[in-house]
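Below you'll find the structure, written out as structure tokens, and then a few comments.
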Amino acid sequence: MKVLKFGGTSVGSAQRMKGVAKLITGERNIVVLSAMSGTTNSLVEISDYLYKKNPDGANEVINKLAQKYYGHIEELYSTDEYKQKAKELIKHHFDYIRTFTKDLFTLFEEKVVLAQGELISTGMMNLYLNECGVNSVLLPALDYMRTDKNAEPDPVYIKEKLVKLLDEHKDADLFITQGYICRNAYGEIDNLQRGGSDYSASLIGAAIGAEEIQIWTDIDGMHNNDPRIVEKTSPVRHLHFEEAAELAYFGAKILHPTCILPAKLNNIPVRLLNTMQPEAPGTMISNMTEKGKIKAVAAKDNITAIKIKSGRMLLATGFLRKVFEIFENYQTPIDMVTTSEVGVSVTIDNRKHLEEIVDDLKKYGTVTVDEDMVIVCVVGDLEWDNVGFEARIVQAMKDVPVRMISYGGSNYNVSLLVKASDKTRALQALSDHLFNN
Ligand code: ASP
Ligand code: MG
């Protein structure tokens, strides 16, 4: 069995839904769907109005969104019977959303509202498949997807419930289920955070020991550099899980970073495929490495670098601990670290507590802050005993001022910190040197 996940754009219109239906029929797999594109954002907007006690504002967004959904019915279904069923489905969910405009609105209600997008898209797809004569079965994510007291997915529970559900439908042609939504340890409706459908797919794949997890989007796999700003990028055919994790974290938008771990731990390959070009090979992510090969470059924006220089660091113990503790106190994660005998530089992307952090750091040394920086990360099989890759990377950057260089934290990544204004030429230079000659 495989797990196939389709994101919001892939199910963003009646036409696209029909396209997805063609791709998923014929094999008995589990299909994970996001909400139709824009829906979750609208549900967030509705919640925002309700938090602000503005039911009129909320109703306006609700009506507009409902209208959009009713508009899809004519195009998606061909029989009156199914048009009627779809109308009832949509009405049911929007009536439910409207009930929240009349009462107290808290975090709990918000999560219920946010869950409606995936419930509608999967309901609509399932009806469409049934109308086409496919015996598809809806697997309610709220019945098996669950997080524990630390808000982490509970793989034992997920596996037990999911396997049982699948067993109850031995005659099903295929299964449709919701991405993103779950219940928490207290049984309340919750979610796996924005963009969490990839995570759902990966958790489901791990739970059933899937043969493969497919993430369908509308680009032909992960590219070796950002195609929006760099000329001549090409899809990467194969990535190791660690390489994919670095790329996903450092800005490649195609895959949610949380999605990697369950697949990696259970050794289930993840394939990135393109709904617009289903025959294209896409990108395969697995535990296989390609010896000595540099695969891709990604960039993470809005980075702040902080340098703490102190004579007291020389031969002293505990200096780094004190520095890191300050970041921890302000719940600010550190991305990159470089050290010398007299100082340490770190980068952060959350500037919320920058002022307090700098203030506290001043107790330990001279502090310098560089804002508007970008982490450029080069990913591949960069095992330290492979020779030459550092030289190629540094050579590519020979005309770009580099603020920090970090290597050795993993075998798969070299990170460079540059000014945001140098981002484009840094990425282009790396592409030209590493991939295009
Ligand atoms: N619909 C959710 C979102 O927009 C989850 C997802 O699409 O992955 O964030
Ligand atoms: Mg997504």
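Order of listing sets the numbers, starting from 1, for every ligand and every atom in it.
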Q. Considering only heavy atoms of S197, which atoms of ligand 1 have at least one such atom less than 4.0 Å away?
A. 5 (C), 6 (C), 7 (O), 8 (O)

Q | E118: numbered ligand 1 atoms lying under 4.0 Å from its heavy atoms | A | 1 (N), 2 (C), 5 (C)

Q: Determine, using heavy atoms of G117 and all atoms of ligand 1, whether some pair is separated by less than 4.0 Å.
A: no

**Q.** Cation-pi geometry met for K52 and Y49 (6.0 Å, 45°)
**A.** no

Q.
Give me the atom names and distance for the closest heavy-atom approach of S34 to V11.
A. O-CG2, 3.8 Å

Q) What atoms of ligand 1 come closer than 4.0 angstrom to any heavy atom of G195? A) 3 (C), 5 (C), 6 (C), 8 (O), 9 (O)

Q. Side-chain donor-acceptor pair under 3.5 Å between D349 and T347, yes or no?
A. no

Q | Under-4.0 Å salt bridge between E242 and K264 | A | yes

Q. For ligand 1, is there an atom lying under 4.0 Å from some heavy atom of G8?
A. no

Q) Checking ring pair (Phe, Tyr, Trp, His ring centres under 6.0 Å) for the pair Y407/F389: CA distance, chi angles, key distance, verdict? A) CA-CA 11 Å; Y407 168 70; F389 64 80; 5.5 Å; yes

Q: Answer yes if the side chains of Y249 and K300 hold a donor-acceptor pair under 3.5 Å, and no otherwise.
A: yes

Q: Could you check V337 against F324 for side-chain contact (heavy atoms from CB on, under 4.5 Å), going step by step and ending with a plain yes or no?
A: CA-CA 10 Å; V337 184; F324 288 156; 4.1 Å; yes

Q. Which of the numbered atoms in ligand 1 are below 4.0 angstrom from a heavy atom of G196?
A. 5 (C), 8 (O)

Q: Output the list of atoms in ligand 1 that are nearer than 4.0 Å to some heavy atom of S34, sorted by atom number.
A: 6 (C), 7 (O), 8 (O)

Q.
Distance under 4.0 Å to a non-hydrogen atom of T40: what atoms of ligand 1 satisfy this?
A. 1 (N), 2 (C), 3 (C), 4 (O)

Q: For R194, counting its heavy atoms only, list the atoms of ligand 1 lying under 4.0 Å from any of them.
A: 3 (C), 4 (O), 9 (O)

